[in-house]
> 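Mind looking over this structure? Questions follow.
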Amino acid sequence: MGKYTKADILRMVKEDDVEFIRLQFTDIFGDLKNVAITSSQIEKALDNKIMFDGSSIEGFARIEESDMYLYPDYDTYETFPWRPQQGKVARLICDVYKPDGTPFEGDPRYVLKKALKEAADMGYMMNVGPECEFFLFQTDENGLPTTNTYERASYFDLGPLDFGENARRDMVLTLEQMGFEIEASHHEVAPAQHEIDFKYGEALKTADSIETFKLVVKTIAKKHGLCATFMPKPKYGVCGSGMHMNMSLSKDGKNIFADDNDKLGLSQEAYYFIAGIMEHMREMTAITNPLVNSYKRLVPGYEAPIYIAWSAKNRSPLVRIPSARGAGTRVELRCPDPTANPYLAMAVCLKAGLDGIKRQLPLVPSVDSNIFELTREEKKARHIESLPANLREAVLCMRDSEFMKEALGEHIFTRYTSAKLDEWNEYTRQVTDWEISNYLYKV
């Protein structure tokens with residue numbers, strides 16, 4: 001049973017003096033889009049009668065099949081605390097449907113819903129807790145973003161070293177006003193880098209929350225004269241921003257990854273789930289790490305994973321088992337970054353884990369030593385593979401994968417791989433500052 005009914009929303013719009021409602025949805029790359037309507041149109045919107053042109057949205061539809069309808073999810077109704085208190089602005093997150101009343105297969109939210117239904121048919125519910133990192137940089141005299149920062153703060157530092165502390169506090173308060181339960185917020189390792197963690201929740205709600213989280217962080221940063229960026233590696237020589245995903249499955253309200261009789265406290269399903277993630281990781285990386293820039297983060301020396309390995313002791317591998325047990329038992333995937341489309345990232349992780357459970361995939365032994373200190377021969381002997389080294393390699397792994405085609409559906413699979421290869425080709429034609437400074441004077 002949902003949180004809100006149609007009558008509830010009509011009443012709240014009236015009582016709260018809401019003037020505008022943003023109907024939000026997400027394109028295949030995770031970019032938030034919206035159609036704004038006035039409160040006079042809210043009844044029409046709640047009856048799924050608002051239409052938009054899908055051909056103008058990246059990866060959505062061709063011109064000849066462009067009419068799309070927005071079906072609001074009533075439970076996502078929230079007002080924006082930063083907007084005027086008279087004539088407020090509210091939002092509803094929507095599913096995208098075709099004119100014939102069927103879900104549009106290019107809607108990332110639909111892809112996640114489909115994966116969650118498969119899990120539900122097996123008796124499982126997926127919970128996810130994300131750890132989202134970002135940078136707060138100065139803006140120039142025109143208000144445009146730079147990569148400049150005047151601070152020198154590091155992990156867990158406070159003001160006055162942490163110049164972003166006030167902005168971060170406002171972000172946390174705003175998120176709490178919008179119903180988030182914030183578990184922690186702190187300065188990260190690199191100067192100007194921050195992390196805000198919110199409580200884990202059911203996967204669809206968490207994916208919606210990540211999109212809202214990014215919007216809040218960017219909006220509040222701007223109010224403080226700063227630019228917030230989720231770019232994985234905006235600066236050379238410092239740690240990049242990740243979005244570690246803590247995942248667990250529950251059955252009848254009980255965490256099925258926990259088993260007190262196991263030496264690591266993990267159930268057989270948990271081991272199968274990890275094996276599924278590791279089996280499909282190289283094919284999934286173009287989704288969890290979707291930019292050319294994502295692979296500048298996945299390099300040695302900056303806390304990001306490179307090798308496909310797991311451990312309950314070591315903090316550096318791809319899959320880590322955090323120390324909490326019982327209801328808190330979870331699998332932490334450490335490679336995703338915050339530019340990943342959260343709906344698609346969670347969908348492919350869930351599908352991979354379920355595949356591991358269905359096929360009862362055996363799990364390779366854990367790697368509890370520092371992988372970076374192993375020789376090439378030692379890694380080969382232990383069957384430790386690497387993540388793709390760049391976006392092209394990741395997209396080619398994905399393009400060859402029947403698993404990914406099935407997980408995403410043909411529509412998104414085809415458009416996503418094609419667009420990402422175009423992005424890579426565009427990048428390879430660029431002449432960078434590094435090339436100019438290294439070659440111009442020499443040759």
> Mark yes when over 12 heavy atoms from residues, nucleotides or ligands other than Y427 sit less than 6.0 Å from its OH; otherwise mark no.
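Result for OH/Y427: open.
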> Is M243 close to F230 at the side-chain level, that is, under 4.5 Å between some pair of heavy atoms?
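No, side chains not in contact.
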> Search all heavy atoms of C94 against all heavy atoms of R109 and return the closest pair with its distance.
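Here C94 and R109 meet closest at O-CD, 4.0 Å.
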> Could you tell me whether E393 and R282 make a salt bridge, using a distance below 4.0 angstrom between a side-chain N and a carboxylate O?
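Yes.
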> Measure from the side-chain N and O atoms of Y74 to the backbone N and O of L46, and report whether any donor-acceptor pair falls under 3.5 Å.
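Yes.
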> Between M247 and I277, is any pair of side-chain heavy atoms under 4.5 Å apart?
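Yes, side chains in contact.
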> On a heavy-atom basis, which atom in L344 and which in I28 lie closest, and how many Å separate them?
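Smallest interatomic distance, heavy atoms only, reads CD1-O, 3.4 Å.
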> Relative to each other, are the rings of F403 and H280 parallel, tilted or perpendicular (30° and 60° limits)?
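Taking H280 first and then F403, their aromatic rings lie parallel (interplane angle under 30°).
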> Could you tell me whether a side-chain N or O of T139 sits under 3.5 Å from a main-chain N or O of G225, the two making a donor and an acceptor?
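The answer is yes, because a donor-acceptor pair under 3.5 Å joins these two groups.
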> Report yes if some heavy atom in the side chain of K113 is under 4.5 Å from a heavy atom in the side chain of D95; otherwise report no.
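Yes, close enough: below the 4.5 Å cut-off.
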> Tell me, yes or no, whether the heavy-atom count around D433 atom CG, taken from other residues, nucleotides or ligands under 6.0 Å, exceeds 12.
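Count not over threshold, so no.
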> Please check if the number of heavy atoms outside D260 that lie under 6.0 Å from its CG is greater than 12.
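No, not enclosed.
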> Between K6 and D47, does any side-chain N to carboxylate O distance fall below 4.0 Å?
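Yes, K6 and D47 are salt-bridged.
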> Just by modelled atom types, is the D107 backbone N or O under 3.5 Å from a matching donor or acceptor in the Y343 side chain?
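No, because the side chain of Y343 does not come within donor-acceptor range (under 3.5 Å) of the backbone of D107.
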> Can you tell if the side chain of N293 reaches within under 4.5 Å of the side chain of T339, non-hydrogen atoms only?
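Counting from C-beta outward, N293 and T339 never come under 4.5 Å.
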> Checking salt bridge (Lys or Arg N to Asp or Glu O under 4.0 Å) for the pair K251/E269: CA distance, chi angles, key distance, verdict?
CA-CA 11 Å; K251 203 170 204 170; E269 279 114 325; 5.2 Å; no
> Is it true that a side-chain atom of T206 and a backbone atom of V128 form a donor plus acceptor pair closer than 3.5 Å?
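Yes; at least one donor-acceptor contact below 3.5 Å.
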> Test side-chain contact (heavy atoms from CB on, under 4.5 Å) on D170 and H224 and set out the steps.
CA-CA 9 Å; D170 275 6; H224 282 262; 2.7 Å; yes
> Measuring from R11:CZ to T5:OG1, what's the distance to the nearest 0.5 Å?
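The distance works out to 7.5 Å.
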> Spell out, as yes or no, whether a donor-acceptor pair under 3.5 Å connects the side chain of Q193 to the backbone of G240.
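Yes, Q193 side chain to G240 backbone: donor-acceptor pair under 3.5 Å.
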> So K235 and F137, do their side chains get closer than 4.5 Å, heavy atoms only?
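In contact.
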> If you look at every heavy atom in K358 and E118, which pair is closest and at what distance?
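Taking every non-hydrogen atom into account, NZ-OE2, 2.5 Å.
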> Parallel, tilted or perpendicular for W82 and F80, by the 30°/60° rule?
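Correct class here is parallel.
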> Could you tell me whether Y200 atom OH has more than 12 heavy atoms of other residues or ligands within 6.0 Å of it?
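Not more than 12 within 6.0 Å, no.
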> Output yes when a side-chain donor or acceptor of D75 lies under 3.5 Å from a complementary backbone atom of Y4, and no otherwise.
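The answer is yes, because a donor-acceptor pair under 3.5 Å joins these two groups.
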> Would you name the heavy atoms of A167 and I220 that are closest together and state the gap between them?
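Residues A167 and I220, closest heavy atoms: O-CG2, 3.9 Å.
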> Any side-chain heavy-atom pair from I196 and R168 closer than 4.5 angstrom?
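Yes. Closest side-chain heavy atoms under 4.5 Å.
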> Looking only at heavy atoms, what is the nearest atom pair of L387 and P305, with distance?
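Nearest heavy atoms, L387 then P305: CD1-O, 3.7 Å.
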> Quick one, I357 with Y124, criterion side-chain contact (heavy atoms from CB on, under 4.5 Å). Give me CA distance, side-chain angles, the key distance, then yes/no.
CA-CA 11 Å; I357 291 172; Y124 302 131; 3.8 Å; yes
> What I want to check is whether the side chains of R392 and T428 have a donor and an acceptor closer together than 3.5 Å.
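On atom types as modelled, these side chains do not qualify, holding no pair under 3.5 Å.
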> To the nearest 0.5 Å, tell me how far L318 CG sits from E332 CD.
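One finds 10.0 Å between CG of L318 and CD of E332.
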> Which distance, rounded to the nearest 0.5 Å, do you find between the CG of L266 and the CD1 of I256?
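Reported to 0.5 Å precision, the distance equals 11.5 Å.
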> Do E133 and P338 touch side chain to side chain, with heavy atoms closer than 4.5 Å?
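They are not in side-chain contact.
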> How many angstroms lie between CE in M245 and CG in L350, if you round to the nearest 0.5 Å?
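It comes to 9.5 Å.
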> How about K222: does its NZ atom have over 12 heavy atoms from other parts shown lying under 6.0 Å from it?
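No, the 6.0 Å shell around NZ holds no more than 12 heavy atoms from other groups.
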> Charged N to carboxylate O below 4.0 Å: is that the case for K351 and D355?
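No salt bridge links K351 with D355.
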> Between CG of L23 and CD of Q41, what distance do you get to the nearest 0.5 Å?
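Between L23 CG and Q41 CD, I get 10.0 Å after rounding to 0.5 Å.
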> Looking at G253, is its backbone amide N or carbonyl O close enough to the side chain of S250 to form a donor-acceptor pair, meaning the two atoms are under 3.5 Å apart?
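No, because the side chain of S250 does not come within donor-acceptor range (under 3.5 Å) of the backbone of G253.
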> Check whether any side-chain heavy atom of T212 lies under 4.5 Å from a side-chain heavy atom of E78, and answer yes or no.
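Not touching, per the 4.5 Å side-chain cut-off.
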> Go through the steps for L175 and F198 under the test side-chain contact (heavy atoms from CB on, under 4.5 Å), then give the verdict.
CA-CA 9 Å; L175 288 162; F198 49 92; 5.9 Å; no
> Would E423 and L291 count as a side-chain contact (heavy atoms from CB on, under 4.5 Å) here? Give the steps.
CA-CA 8 Å; E423 189 176 327; L291 306 185; 4.0 Å; yes
> Please answer whether the main-chain N or O of Y295 pairs with a side-chain N or O of K233 as donor and acceptor at a distance below 3.5 Å.
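Pair absent, no side-chain N/O of K233 close to backbone of Y295.
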> Using every non-hydrogen atom in the two residues, find where T329 and N255 come nearest and quote the distance to one decimal.
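Minimum heavy-atom contact is O-ND2, 2.7 Å.
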> Anything under 30° is parallel, anything over 60° is perpendicular, the rest tilted; go ahead and classify F134 against H194.
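Rings of F134 and H194: parallel, as their planes differ by under 30°.
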> Verify the distance criterion only: is there a donor paired with an acceptor across the side chains of S294 and D337 at less than 3.5 Å?
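A pair is found: one side chain offers a donor N or O, the other an acceptor, under 3.5 Å apart.
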> Quick one: does any side-chain atom of S418 pair with a main-chain N or O of T414 as donor and acceptor, under 3.5 Å?
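No.
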> Is atom CD of E410 surrounded by more than 12 heavy atoms (other residues, nucleotides or ligands) closer than 6.0 Å?
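No, because the 6.0 Å sphere around CD of E410 holds 12 heavy atoms or fewer from other groups.
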> Output the distance between atom CG (D259) and atom CZ (R325), rounded to the nearest 0.5 Å.
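These two atoms lie 11.0 Å from each other.
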> Does K98 reach the main-chain N or O of F104 with its side chain, forming a donor-acceptor pair under 3.5 Å?
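Judged by distance alone, no pair lies under 3.5 Å.
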